[in-house]
Amino acid sequence: MMKTRDSNSDGRSRKSQSTPIASQPGTLPETLSGIDRRGFVQLLGAGLLVTVFEGIAEAQRGSGGGGGGRGRNVSARIHIGEDGTLTVMTGKIEMGQGARAELTQSAAEELHLSPDAIRMVMGDTQLCPDDGTTAGSRTTPSTVPAVRQAAAAARMLLVGLACKQWGVAENSVEVRDGVITHPPSKRSVTFGELAKGGAAARALDQPPPPNVSVTPVKEWKVMGTSYARPNRRDLVTGAHKFPSDLILPNMLHGKVLRPPSYGAKLLSIDLEPARAMKDVVAVREGDFVGVAAPTTFQATQALEAVAETARWEPAPHPSSTEVYDYLRRRVRSKRDVENPFAAEMAKAARGFRQTYRTAYIQHAPAETRTALAEWKDGNLTVWTCTQAPFGYHSELMRAFQLPSECVRVIVPDFGCGFGGKHTAESAIEAARLARAAGRPVSVKWTREEEFTWAYFRPAAVIEIEAALDEKGQIVVWHFININSGAAAVQTPYRIARNNCRYVPSDPPLRQGSYRTLAATANNFARECMMDELAAAAGADPLDFRLAHLDNERLRAALEEAARQFNWRERRRQKRAAGTGIGLACGTEKASVVAACVEIAVDEAKGEIVVKKVTQVFEAGTVVNPENLRKQVIGCILMGLGGALREEMIFEGGRMLNASFGKYLVPRFKDVPELDIHLRNWPGLEPVGGGETPIIAIAPAIGNAVFDATGKRIRQMPINLSTAKSSQTAS
Amino acid sequence: MDITIGFTVNGKAATVTTDPQRPLLDILREDLHLTGTKYGCGEGFCGVCTVLMDGKRTLACITPAKDVDQKTIVTIEGLADGDKLHPVQEAFLAEGAMQCGYCTPGMILTTVALLRENPQPTEAEILNWMDGNICRCNNYPNILNAVRRAVREARR
Ligand code: FES
Ligand code: FES
């Protein structure tokens, strides 16, 4: 059951009295992403509101989440106010991955304007085009081009307007820093001057001209630089309002009753103890039971009071120790697990069969799920943290039987997602409570709720069968991922008979996406198995990979990582006792990564310490080097957690480690020496970089553990107590 | 029984009548609308709720109201001097020591407290001191650079 934040729970109502100290007590701050309709009118200029909203509505209908939002009037994406303020709108959100900076740069580049002159409105379903969920590393390859196209079109339309006024040809003018100049006549006009009276805004309210072209990479001025996040100052002063920080007048704090174990059914409950408390609202709608009160403390007490009266019928649930057998037994299709090359396996010089496992883990975002809901005249507005504003919009429409125009989702820049914030539960909870209370309600999940009731990165059972010929070449590769997903399930290595598949099972926990999905599990199993095969073939792990690798970009990354780490030299040298080195590489989402690690192992203590990581990452042309570097480092360090420690432990339908005290995420002391190399692949369009850099670290560590100890650990997290001998079954 | 406590927050007097066990974190955020101090775990494991109480690093989520009476609290909102940022805030900006920024207020106040208690920390002392604060974006290297920069600046 829920744990309170203190021991006092005598169940009495507590009314607290005080005077707010903050500068704008009780009001919603006018952050760009949190502005209301009136604020938006002020921002954009009243006369244009209708046009803008129509354009947006049309863009929303048309694009269906594909990520582009293209083909509409330029005003659906870019607006110029009468004071010349340029506002760019995107359905993408900012959660620390750097989209706000990158999209601002993209717009600035094509508008020929300073990025500081651009306001970026993100993740507001009423104002922004639907650019799809912020996931799958899609912002860079999909939304950056869409924004660039729109910004280039906007610049052309503004140029067209000026040229028409001057009666000069469009190719005779230049645009720099928001000033259009006609050198022959020495005339110039700023975007701001052009915007007076709304002429510029009307000019943008047209479809993009047919001949829009974007700035070639070699002429980039703003893109390709380390432009920092525009609202960074508000992050160091505490002024930025995260979704969990928003306060509306008259707002209540909500809490939701959770079952004592997974699958338990509520038989009966008495809401009276909560209702007897002053200012407390208690709601039951079917299986949903929640309370709302003026403070979180009161809401928690009220919830405990009703929880004590609840009777539940528990349901059977497997424990984390049996989960792998459970998943294996419940594969959807037994036939899909079978090796179609069994005959070739039997004929080959040597055959190998191994099973790898990865545990259920959690995103543990810095900011837990949170939502503030307000009903006004039948319209529902929800401020929340989500990677899928439009997905939430649809979920809320369905949950409350509302037409599209009655629901608005607003996503202020929030604290972490990692693929974990795609489902609208907290938004629906807040909206239900707000409807019952007749007042705005904010629901903030506790860490324990987040660890128990959010979804998880799926556990995997990965079965591999491989065969080598007498020359040490892989001739058969059969790779089955049970339960966790298809991402990077295909091998990048050249193998004649190759069968790679994802086979669904019947998961006992809610599972969903996580930074690069199943690619971490698949790459862990594949890259460790490659090392096993290299050892069996008597080859160096680097040479063995290169001998099977045609992918030019991946080869380049792997070779560079090996060079920077001094791999060959270090392999030749004798390593100190308890020291190991390992490497791994992989490709996913059109980017490539390779890592070499050095570790120290204390077998008696069961301790693995990562001393150094050399990693090479390449994602086409780099849009923002500093941001990419942070993403790469963030991936490596986050990946250390899953590689060495993180694992959800459950039994009897309860999470046993739903706390940062027991689920140990990486901390300062875990940070190894980092040697990061970002490669540019000239001529290749930029692709996303926030996910793939996570997939090489775990197998590189696993391989280093083998190097240090001679033991193969075929499980994530890599734990020395689960070590098996190095012998591979044949 | 509710109690009434009086304390100073960011130089202003505050009086709050509340349950003695209610955490300071909730009082700051819900009663005083000082939302720069964040919730991360409520159990003392992550440091995002760090404030200064009588100049000392304090986790607001496990500090009950009854312990705050007559104390002096500084939150992230009280660090800057008008428009002039505190040197530690400047150091975090200069080093780009944030991604989502959710952990940033706690990291900054933890650094301020470090400089007060140990103005010239060694590398190991910095790691020990900061290790109670979690950054889920794993922006630790930039944050460490910001702490080191703040230490250097303070020395000058
Ligand atoms: S919220 Fe206080 S330590 Fe985590
Ligand atoms: S910057 Fe996101 S949690 Fe630290």
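Throughout, protein chains are lettered first and strands after them, A, B, ... in sequence-line order, and every chain is numbered starting at 1.
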Student: Is a donor on one side and an acceptor on the other found under 3.5 Å between the side chain of B:Y140 and the backbone of A:P666?
Tutor: yes
Student: State, with a plain yes or no, whether a side-chain heavy atom of B:P141 is found less than 4.5 Å away from one of A:L637.
Tutor: yes
Student: Less than 4.5 Å to any heavy atom of chain A: does that hold for the side chain of B:I108, its backbone, both, or neither?
Tutor: side chain
Student: For B:N128 and A:K669, what are the C-alpha separation, side-chain angles and deciding distance, and is it a side chain to side chain donor-acceptor pair (under 3.5 Å)?
Tutor: CA-CA 8 Å; B:N128 268 334; A:K669 284 189 185 166; 2.5 Å; yes
Student: Side chains of B:T35 and A:K241 only: does a donor on one sit below 3.5 Å from an acceptor on the other?
Tutor: yes
Student: Can you give me the closest heavy-atom contact between A:S659 and B:E43, atom names plus distance?
Tutor: OG-OE1, 2.9 Å
Student: Is B:Y102 close to A:S244 at the side-chain level, that is, under 4.5 Å between some pair of heavy atoms?
Tutor: yes
Student: So, for A:F418 and B:R136, which heavy atoms are closest and what is the spacing to 0.1 Å?
Tutor: CZ-O, 3.2 Å
Student: Counting only non-hydrogen atoms closer than 4.5 Å, does B:N139 touch chain A with its backbone (N, CA, C, O), its side chain (CB onward), both, or neither?
Tutor: side chain
Student: B:G40 and A:F660: which non-hydrogen atoms are nearest, and at how many Å?
Tutor: O-CE1, 3.9 Å
Student: Going from CZ on A:F668 to CG on B:D131, what distance comes out if it is rounded to the nearest 0.5 angstrom?
Tutor: 8.0 Å
Student: Will you find, in the side chains of A:T237 and B:E77, an N or O donor that is under 3.5 Å from an N or O acceptor?
Tutor: no
Student: Which heavy atom of B:F45 sits nearest to which heavy atom of A:R667, and what is that distance?
Tutor: O-NH2, 2.5 Å
Student: Regarding B:E30 and A:T296, do their side chains bring together a donor and an acceptor under 3.5 Å, going by distance alone?
Tutor: yes
Student: Between B:C103 and chain A, which part of the residue has a heavy atom less than 4.5 Å away: side chain, backbone, both or neither?
Tutor: neither
